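The first residue of the sequence shown is numbered 1, and numbering continues consecutively from there. Please read all numbers here as calculations on a predicted model, not as lab measurements.
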Amino acid sequence: MTQQTRSALLYAALDAAGRGWPVFPLRPGDKPPALHGETRCPRTGDCAGGHRKFEQRATTNPERIERCWATGAYNVGIATGPAGLLVVDLDLLKPTDSPDTPDGATSFLALCERAGQPVPRTRRIETPSGGEHLYFTTPKGVRLPSSTGRLAPKIDTRAWGGYVVAPGSRTPHGPYTVAVDSPVANLPEWLQSLSEAPQGTTVGPTLRTPARASAVARAAFEREQAAVATATEGDRERTLFEAARKMGRFVAWGDLDRSEVERAFQWGAESTGLPSYQCRSTLRSALNWSIAHCKPREHA
């Protein structure tokens with residue numbers, strides 16, 4: 001990385017912090033945090049009193065930011081919860097998605113129309129894939145959770161428990177750029193209502209299994225989804241990994257759709273407090289391994 005690149009990333013971090021949004025370092029050229037995880041915490045330094053997650057370590061202090069970014073060309077993460085933000089993440093379709101699935105922008109337009117409201121004008125960030133992040137300010141004292149696919153297909157939200165990559169950051173697929181430099185709008189009441197987690201509910205996304213899915217696949221899914229959604233701190237990532245590995249064979253055999261398994265397990269793991277990026281990484285690696293090592297059905 002050149003000094004110019006490092007300076008640009010430092011500027012991006014200071015710009016976000018100057019808006020009152022706590023930041024923390026992401027891996028150079030990538031999106032995961034450049035911080036140690038819960039299982040590898042040394043319990044020293046900032047974590048002497050116990051493991052501190054990215055939300056607790058994010059800062060708006062210019063001196064701390066300058067010291068951090070002086071050591072590497074880190075991408076910039078914004079801790080959305082402490083920043084008082086809810087960011088709507090509108091994704092594009094993946095090659096593996098059904099052509100009948102609407103993309104995030106289409107789904108969000110449908111939500112607006114259903115609420116009888118125009119699409120809000122607010123700060124928009126374009127992602128390297130062509131998706132968009134829509135920034136909203138949350139009301140004081142309101143603590144909204146992050147979500148994956150709960151509002152509609154291809155729409156995630158990042159609030160408490162989540163983060164977004166700040167503009168100025170770059171991955172091998174391209175940069176994060178400001179698409180619309182408008183002031184950040186207040187979160188509309190109708191969108192806040194949709195974003196609030198129902199009190200006391202443990203119902204996750206409905207699994208849409210192919211007609212050929214076996215009773216064994218359905219039962220295994222329901223059992224493992226329940227295990228993921230009820231895992232306790234210190235055991236959450238391991239439970240998610242083991243559950244995803246057990247589902248890999250049913251995906252490989254065509255009994256279950258991978259995107260549906262990922263969506264349901266992501267929701268369950270996030271509901272326990274496991275960060276969204278950690279859920280995605282764990283699911284991807286576990287399913288990839290399981291599918292690659294799956295035996296044909298007749299030999300299983």
Would you say Ser107's side chain and Pro153's backbone share a donor-acceptor pair under 3.5 angstrom?
yes
Aromatic ring proximity, centroids under 6.0 angstrom, Phe24 and Tyr163
yes
Flag the pair Arg158 and Asp89 as a salt bridge only when some basic side-chain nitrogen lies within less than 4.0 angstrom of an acidic carboxylate oxygen.
no
Would you say CD of Glu66 has more than 12 non-hydrogen atoms from neighbouring residues, nucleotides or ligands within 6.0 angstrom?
yes
Describe, in one word, how the ring planes of Tyr176 and His133 are oriented to each other, choosing from parallel (under 30°), tilted (30 to 60°) and perpendicular (over 60°).
tilted
Exercise: do Ser259 and Asp257 side chains pair donor with acceptor under 3.5 Å
yes
I'd like to know if the side chain of Ser285 reaches the main chain of Ser281, judged simply by a donor and an acceptor atom lying under 3.5 Å from each other, with no hydrogens or angles considered.
yes
Say whether, by atom type as modelled, one donor and one acceptor occur between the side chain of Asp235 and the main chain of Ala231 under 3.5 angstrom.
no
Arg258/Glu262 salt bridge by N-O under 4.0 Å criterion
yes
So does Glu242 pair up with Lys246, basic N to acidic O under 4.0 Å?
no
Residues Leu90, Asp103; criterion side-chain contact (heavy atoms from CB on, under 4.5 Å); working and verdict:
CA-CA 7 Å; Leu90 306 179; Asp103 63 15; over 6 Å; no
Exercise: identify the closest heavy-atom pair between Val76 and Leu9:
CG2-O, 3.6 Å
Establish, yes or no, whether the cationic atom of Arg245 lies under 6.0 Å from the six-membered ring centre of Trp289 and within 45° of the ring axis.
yes
Quick one: are the ring centres of Phe265 and Phe241 less than 6.0 Å apart?
no
Assess, by modelled atom type and distance only, whether the side chains of Ser182 and Thr122 contain a donor and an acceptor separated by less than 3.5 Å.
no
